[in-house]
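A short worksheet on the structure shown next.
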Amino acid sequence: MRLNNRAQNCTECEYMKKYDYGNRIYYCDHVDRTDDMGKLGVDHPPKISPIWCPLREKKSE
(Lines give C-alpha, C1' and ligand atoms only; values in the text may rest on other atoms or scores of the structure.)
Protein backbone atom coordinates (compact mmCIF):
# COMPACT_ATOMS: atom_id res chain seq x y z
CA MET A 1 0.00 0.00 0.00
CA ARG A 2 1.31 3.44 -0.91
CA LEU A 3 0.73 5.96 1.85
CA ASN A 4 2.38 8.92 0.16
CA ASN A 5 -0.14 9.25 -2.67
CA ARG A 6 -1.97 12.57 -2.09
CA ALA A 7 -5.11 11.27 -3.81
CA GLN A 8 -5.15 7.83 -2.27
CA ASN A 9 -8.02 5.57 -3.16
CA CYS A 10 -9.92 4.62 0.02
CA THR A 11 -10.65 1.12 -1.29
CA GLU A 12 -6.91 0.39 -1.12
CA CYS A 13 -6.56 1.66 2.45
CA GLU A 14 -6.32 -0.69 5.41
CA TYR A 15 -8.32 1.75 7.58
CA MET A 16 -11.46 1.71 5.44
CA LYS A 17 -14.18 -0.37 7.11
CA LYS A 18 -17.71 -1.24 6.07
CA TYR A 19 -20.87 -2.12 7.91
CA ASP A 20 -24.21 -3.11 6.44
CA TYR A 21 -27.47 -2.02 8.06
CA GLY A 22 -29.71 -1.95 4.99
CA ASN A 23 -27.11 0.17 3.18
CA ARG A 24 -23.38 -0.39 2.98
CA ILE A 25 -21.79 2.39 5.02
CA TYR A 26 -18.06 2.98 4.49
CA TYR A 27 -16.00 4.74 7.14
CA CYS A 28 -12.42 5.50 8.10
CA ASP A 29 -11.16 3.79 11.26
CA HIS A 30 -7.85 5.71 11.52
CA VAL A 31 -7.29 7.11 15.04
CA ASP A 32 -5.78 10.37 13.70
CA ARG A 33 -8.68 11.35 11.45
CA THR A 34 -9.98 14.87 12.05
CA ASP A 35 -13.56 14.02 11.06
CA ASP A 36 -15.30 12.57 14.14
CA MET A 37 -17.66 10.30 12.19
CA GLY A 38 -15.16 9.23 9.55
CA LYS A 39 -17.99 8.56 7.09
CA LEU A 40 -16.72 7.96 3.57
CA GLY A 41 -19.87 7.07 1.69
CA VAL A 42 -23.06 5.06 1.35
CA ASP A 43 -23.13 2.03 -0.97
CA HIS A 44 -19.85 3.13 -2.64
CA PRO A 45 -16.57 4.42 -1.15
CA PRO A 46 -15.19 7.67 -2.60
CA LYS A 47 -12.91 7.58 -5.65
CA ILE A 48 -10.21 9.55 -3.78
CA SER A 49 -9.60 10.09 -0.10
CA PRO A 50 -11.44 12.97 1.62
CA ILE A 51 -9.62 16.17 2.46
CA TRP A 52 -9.50 15.19 6.15
CA CYS A 53 -7.75 11.85 5.48
CA PRO A 54 -4.73 11.53 7.83
CA LEU A 55 -2.78 9.55 5.22
CA ARG A 56 -3.34 12.04 2.42
CA GLU A 57 -0.54 14.37 3.54
CA LYS A 58 2.01 11.69 4.45
CA LYS A 59 5.39 12.33 2.91
CA SER A 60 7.56 9.55 1.54
CA GLU A 61 10.45 8.68 3.80
Side-chain angles (χ1 to χ4, degrees):
M1 181 174 68
R2 293 175 54 187
L3 297 178
N4 60 352
N5 185 352
R6 300 191 91 156
Q8 176 180 338
N9 185 338
C10 288
T11 58
E12 298 171 355
C13 182
E14 65 183 300
Y15 297 105
M16 187 191 79
K17 305 295 182 198
K18 175 182 80 168
Y19 60 91
D20 193 346
Y21 291 112
N23 292 324
R24 289 174 296 200
I25 309 295
Y26 295 91
Y27 69 98
C28 177
D29 198 32
H30 195 286
V31 295
D32 292 333
R33 71 177 186 264
T34 57
D35 181 85
D36 289 338
M37 295 291 289
K39 185 175 178 183
L40 297 171
V42 178
D43 289 330
H44 303 286
K47 301 254 187 233
I48 60 170
S49 61
I51 199 75
W52 50 261
C53 175
L55 302 180
R56 191 175 182 138
E57 297 300 321
K58 289 274 187 187
K59 305 293 184 215
S60 61
E61 297 173 0

Sub-4.5 Å side-chain heavy-atom contact between [X] and [Y]:
X	Y	result
Y15	V31	no
Y19	Y26	no
C10	P50	yes

### Query
Where do P54 and D32 come nearest, in terms of heavy atoms and distance?
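Nearest pair, atom of P54 first, then D32: CB-O, 3.9 Å.
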### Message
Test your reading of the model: is there a side-chain donor-acceptor pair from R33 to the backbone of C28, 3.5 Å cut-off?
### Response
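Yes: the side chain of R33 pairs with the backbone of C28.
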### Query
Hey, does the side chain of N9 reach the backbone of T11 with a donor-acceptor pair shorter than 3.5 angstrom?
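Indeed, once roles are kept as given, a pair shorter than 3.5 Å links the two residues.
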### Query
If you round to the nearest 0.5 Å, how far is NZ of K18 from OH of Y27?
11.5 Å
### Task
To the nearest 0.5 Å, tell me how far E14 CD sits from H30 NE2.
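Interatomic distance, E14 CD to H30 NE2, rounded to 0.5 Å: 8.0 Å.
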Could you list the donor-acceptor pairs under 3.5 angstrom formed between side-chain atoms of residues 35-44 and any protein atom two or more places apart in sequence or on another chain?
residue, atom, partner, partner atom, Å
D35, OD2, M37, N, 3.3
D35, OD2, G38, N, 2.5
D43, OD1, R24, N, 3.3

### Message
Please determine whether side chain to side chain contact (heavy atoms under 4.5 Å, CB included) holds for the pair C13 and L55, giving the CA-CA distance in whole Å, both sets of side-chain angles, and the decisive distance to 0.1 Å.
### Response
CA-CA 9 Å; C13 182; L55 302 180; 3.7 Å; yes
